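Following: one structure in structure tokens, then a few remarks.
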Protein chains: 2
Amino acid sequence: MSYESAIAALADPTRRSLIERLRDGPQPVGRLAQDLPISRPAVSQHLKVLSDAGLLLVEPSGTRRLYRLAPQGFEDLRRWLDSLWDDALGSFAARAREIAKESNSKDPPK
Amino acid sequence: MSYESAIAALADPTRRSLIERLRDGPQPVGRLAQDLPISRPAVSQHLKVLSDAGLLLVEPSGTRRLYRLAPQGFEDLRRWLDSLWDDALGSFAARAREIAKESNSKDPPK
DNA sequence: CAGATTCGTAAGACATGACTTACCGTAAGT
DNA sequence: ACTTACGGTAAGTCATGTCTTACGAATCTG
């Protein structure tokens, strides 16, 4: 239902960089912004996009906010991509059979 | 190595629409453009982006060009997404254990 | 309570990307 | 050879998204 927003969110390199950093575990905004060549507000905006897409969860802790990966958000995306891959394989296999058949007619057995 | 361009390509709704139409099998540009609310050149440009990202294969046939899904292009993307999902689940499980522990200290057994 | 941290939001500048029309090349049909 | 069909490319317009700085809200510390 909403893997669309997830894909759109993951399309941006900076946001993928944020996602990669969160693979090791939850981190506050300030720490995430430290290693990036952009301002902290920009990071906040990216985090909002990722959260709205269901890819991140937030947990307030004092004045800080811990962001972490949200497994739920990746599920739909994974399923869509898997079914797509299946169809791609199917089409590929069908074409392979055609190629084989054409090759046969030009190059008959025995 | 290049799942980045694949994601960027799939981020656009029109391009996803093209991908969806190609799930049933290969189709020429004109047919793909018929059902879309945009011009044929626009479709050509989208098809180029998808091809460059490794998501489509082209097969010239007379004056027409048949586009089909390229399984190879989805592989890296799938792997990256899967490993990401694994880490997300790991982080989620770790947090769940913390929650349970906190709940225990406030709500001691027996 | 005053000051310092941490972070989100608003407003505006700027770059990027998705469309259009116009045009050209190539292949098939008459 | 001429015409028609099909599709890629170029140039320019317009919308979208990504930054910046400035500001305000909430929490911790002294």
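Lettering follows sequence order; numbering is per chain, from 1. For clarity, every value in this text was computed on a predicted model and none was experimentally measured.
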Point to revise | Side-chain H-bond candidate by donor/acceptor type, Ser83(A) with Arg23(B), under 3.5 Å | key: yes

Check your understanding: Salt bridge check: are Glu59(A) and Arg65(A) linked by an N-O gap of less than 4.0 Å?
Key -> no

Point to revise | Atom pair distance, as rounded to whole Å: CD1 in Ile38(B) and P in dT21(C) | key: 12 Å

Check your understanding: Can you check the Gln27(B) CD to dC6(D) C1' distance for me, whole Å?
Key -> 15 Å

Revision key, fill the gap. Its contact letters, B for base, S for sugar-phosphate only and - for none at protein heavy atoms under 4.0 Å, make nucleotides 3-10 of chain C read ---SBBBB

Study note, to complete from the structure: Rounded to whole Å, CG of Leu18(B) lies from P of dA18(C) at a distance of 12 Å

Revision key, fill the gap. Rounded to whole Å, CG of Leu50(B) lies from P of dG8(D) at a distance of 12 Å

Check your understanding: Hey, does the side chain of Ser61(A) come within less than 4.0 Å of dC28(D)'s phosphate (OP1/OP2), counting only N and O?
Key -> no

Review point. Mind checking whether Arg78(A) and Asp82(B) have side chains closer than 4.5 Å, heavy atoms only?
Key: yes

Point to revise | Aromatic contact, Trp85(A) with Phe74(B) (centres under 6.0 Å) | key: no

Review point. Between dG17(C) and His46(B), is there an OP1 or OP2 to side-chain N/O distance shorter than 4.0 Å?
Key: no

Review point. Is there a side-chain contact between Arg16(A) and Ile7(B), using heavy atoms and a 4.5 Å cut-off?
Key: yes

Revision key, fill the gap. Contacts of Gly62(A) and Ala8(A) projected onto DNA chain D by closest heavy atom; the upstream (5') one is Ala8(A)

Practice item. Using atom types as modelled and distance alone, determine if a side-chain donor or acceptor of Arg68(A) lies under 3.5 Å from a backbone N or O of Leu57(A). Key: no

Exercise for review: Starting at atom CG of Asp12(A), determine the distance to atom C1' of dC19(D), rounded to an integer number of angstrom.
Suggested key: 11 Å

